[in-house]
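These notes concern the structure reproduced below.
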Amino acid sequence: MPLPEAGIDVVLSQPLDGALLLARVRSLVRSNSSDKDWELGEGTSHALGFAEAQKVFAPSGRAVLVGPNRALLEDWTTQIAGNSPTKTKVAGVDEAINILGTSKNANLPDVFALAMGNHEPEKILYFLATLKSNTSTRHCAVLVVQTHTNQGLGAQALDIGANNLMQHSFQPAEMALRINILLRRKKNNDTIRAKVRNGLEAAVSNPFTGLHNRRYAMPQLDRIVEHDNLTGDPFAVMIEDMDHFKQINDNHGNASGDAVLVETAKQLAENLRAVDMIARIGGEEFLIVMPGAQRKDAQGAAHRLCHLIGDKPLKKPDGLRPINATISIGLAVAGDTKRQLTNLWTERTRRYLLPKTVAAIAIH
């Protein structure tokens, strides 16, 4: 059994080159640290689905062989075809750079195999640096294959970010094996990143309405307030509350109440600006923050929202008699010194602002 297939990451031959050995160690430490960064506690791992059994077979994927000698790369592709399920194609260095500029993230290769010899190795190193510095390709796996052994160039490639290095030119079985190992690791890390990203999104979103939740909204509001304190830019804060929501649930059922909340959230999201923040902060309460909004603009938006929701009967899930629902909005505007606190849901709205002069109204 080849040593890499048995789980060995690197096989070194004597005599050892000190610079290359240290570069190998640094590369392995980086790879291990990156994997450790994604490791979570056992309970969290189970909750996010990380405790699933690992697949031991080589997953399918896409690889691009890059180098100055296209005929050589075509020959390599033919020889490794039977040893790997990876779909491979070849490209010159300039062509590969164009691939990076034109491909969407979903169309990017999983693995780049870079053939580096004595002819213009700096172009390969430049391409490698471009790969690892680009946000869309930094997670692509990179195998550098040296067609002529050069310890210094190998060490440099590892330090730039190559995930693996073949020093002794091309061996079909070894190259296929190393591509399979890199592909399996990349697919696994991609899965973990996606689950963490989805978990973070779920942590700051209300899955029922699709809006942000209180956990996300309150720190964001704090930042908007801090920005206002520094710049004096106005902003408006609204608290929207469904009127007599308990009666909707009692008279029409909880499913109808849920439908009212979902439709209300949809109307809010579709009829406010992209820069406005909307969050569900309670059972039937929604927080709206409008950065840069003057009192007149915010008041107009509040009246518009009240009419949009109150004037349009909402459909029940059973398709029968629609429900007439209305909302009330408490509004406070920071940065307006011409008005003092007036007839406002003081406990609901004012608590979201730092102590300062605000304009405030109640809209029904």
Side-chain angles (χ1 to χ4, degrees), residues 1-12 23-40 42 44-45 48-66 76-77 80-81 83-89 96 100 103 105-116 127-146 154 157-167 170-199:
M1 176 184 290
L3 290 177
E5 189 173 347
I8 301 296
D9 286 290
V10 178
V11 179
L12 300 177
R24 291 273 193 186
V25 171
R26 288 191 293 267
S27 177
L28 289 172
V29 169
R30 277 198 310 271
S31 177
N32 184 65
S33 297
S34 178
D35 292 343
K36 291 290 185 183
D37 286 343
W38 294 105
E39 287 186 3
L40 304 172
E42 183 178 359
T44 306
S45 297
L48 292 178
F50 294 168
E52 300 170 358
Q54 296 295 313
K55 299 177 181 178
V56 296
F57 58 86
S60 61
R62 288 168 295 180
V64 175
L65 277 58
V66 181
W76 288 5
T77 300
I80 67 173
N83 297 300
S84 174
T86 306
K87 297 179 180 179
T88 60
K89 67 177 185 178
L100 302 186
S103 295
N105 285 359
N107 296 324
L108 286 169
D110 298 294
V111 179
F112 285 87
L114 311 183
M116 183 171 65
F127 178 72
L128 172 58
T130 302
L131 273 176
K132 289 302 180 180
S133 62
N134 190 312
T135 55
S136 63
T137 58
R138 64 185 177 187
H139 297 304
C140 294
V142 180
L143 169 65
V144 172
V145 183
Q146 288 191 290
L158 289 170
D159 281 336
I160 290 175
N163 301 96
N164 211 323
L165 174 69
M166 286 179 58
Q167 284 184 266
F170 172 74
Q171 296 293 329
E174 181 181 359
M175 185 172 181
L177 177 60
R178 291 188 182 277
I179 288 177
N180 291 342
I181 291 172
L182 290 175
L183 181 60
R184 187 184 303 124
R185 178 174 292 176
K186 179 187 181 293
K187 293 287 188 179
N188 183 60
N189 288 341
D190 286 348
T191 299
I192 294 175
R193 280 193 297 271
K195 288 183 177 179
V196 170
R197 182 169 55 249
N198 292 339

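Position 1 is the first residue of the sequence; numbering continues from there.
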inquiry  = Please find the pair of heavy atoms, one from Leu108 and one from Arg62, that lie closest to each other, and give the distance.
reply    = O-NH2, 3.4 Å
task = Might you point out which heavy atoms bring Gly161 and Leu128 nearest each other, and give the distance in Å?
result = C-CD1, 4.4 Å
task = Quick one: closest heavy-atom pair of Val144 and Ala162, and the distance?
result = CG2-CB, 3.7 Å
request  = Could you please spell out the steps behind the side chain to side chain contact (heavy atoms under 4.5 Å, CB included) verdict for Arg26 and Leu158?
outcome  = CA-CA 8 Å; Arg26 288 191 293 267; Leu158 289 170; over 6 Å; no
inquiry  = Once you measure the plane-to-plane angle for Phe112 and Phe127, does it fall in the parallel (<30°), tilted (30-60°) or perpendicular (>60°) bin?
reply    = perpendicular
query = Thr88 versus Trp76: any side-chain heavy-atom pair under 4.5 Å?
reply = no
key: Test side-chain hydrogen bond (donor to acceptor under 3.5 Å, both in side chains) applied to Asp190 - qualifying residues, sequence neighbours left out   = Lys186, Arg193
query = Where do Gly154 and Met116 come nearest, in terms of heavy atoms and distance?
reply = N-CE, 4.5 Å
ask   = Atom CD of Glu174 and atom CE of Met166: how far apart are they, to the nearest 0.5 Å?
value = 4.0 Å
task = Measure the spacing between CG of Asp110 and NE2 of His139 and express it to the nearest 0.5 Å.
result = 13.0 Å
request  = I would like to know whether Thr86 and Val111 meet side chain to side chain contact (heavy atoms under 4.5 Å, CB included); could you show each step before the answer?
outcome  = CA-CA 9 Å; Thr86 306; Val111 179; 5.9 Å; no
key: Stepwise side chain to side chain contact (heavy atoms under 4.5 Å, CB included) check, Asn164 with Arg185   = CA-CA 12 Å; Asn164 211 323; Arg185 178 174 292 176; over 6 Å; no
task = Under the side-chain hydrogen bond (donor to acceptor under 3.5 Å, both in side chains) rule, collect the residues that match up with Lys132, sequence neighbours excluded.
result = Asn163
Closest approach of Ile80 to Ala176 (non-hydrogen atoms, all atoms of both residues) = CB-CB, 4.3 Å
query = When rounded to the nearest 0.5 angstrom, what distance separates CG in Leu143 from CG in Leu183?
reply = 12.0 Å
Shortest non-hydrogen contact between Cys140 and Pro109, atoms and distance = SG-O, 3.2 Å
key: Check: Thr191 side chain, Lys187 main-chain N or O, donor-acceptor pair, under 3.5 Å   = yes
query = Run the side chain to side chain contact (heavy atoms under 4.5 Å, CB included) check on Ile181 and Arg184 step by step: do they pass?
reply = CA-CA 5 Å; Ile181 291 172; Arg184 187 184 303 124; 4.3 Å; yes
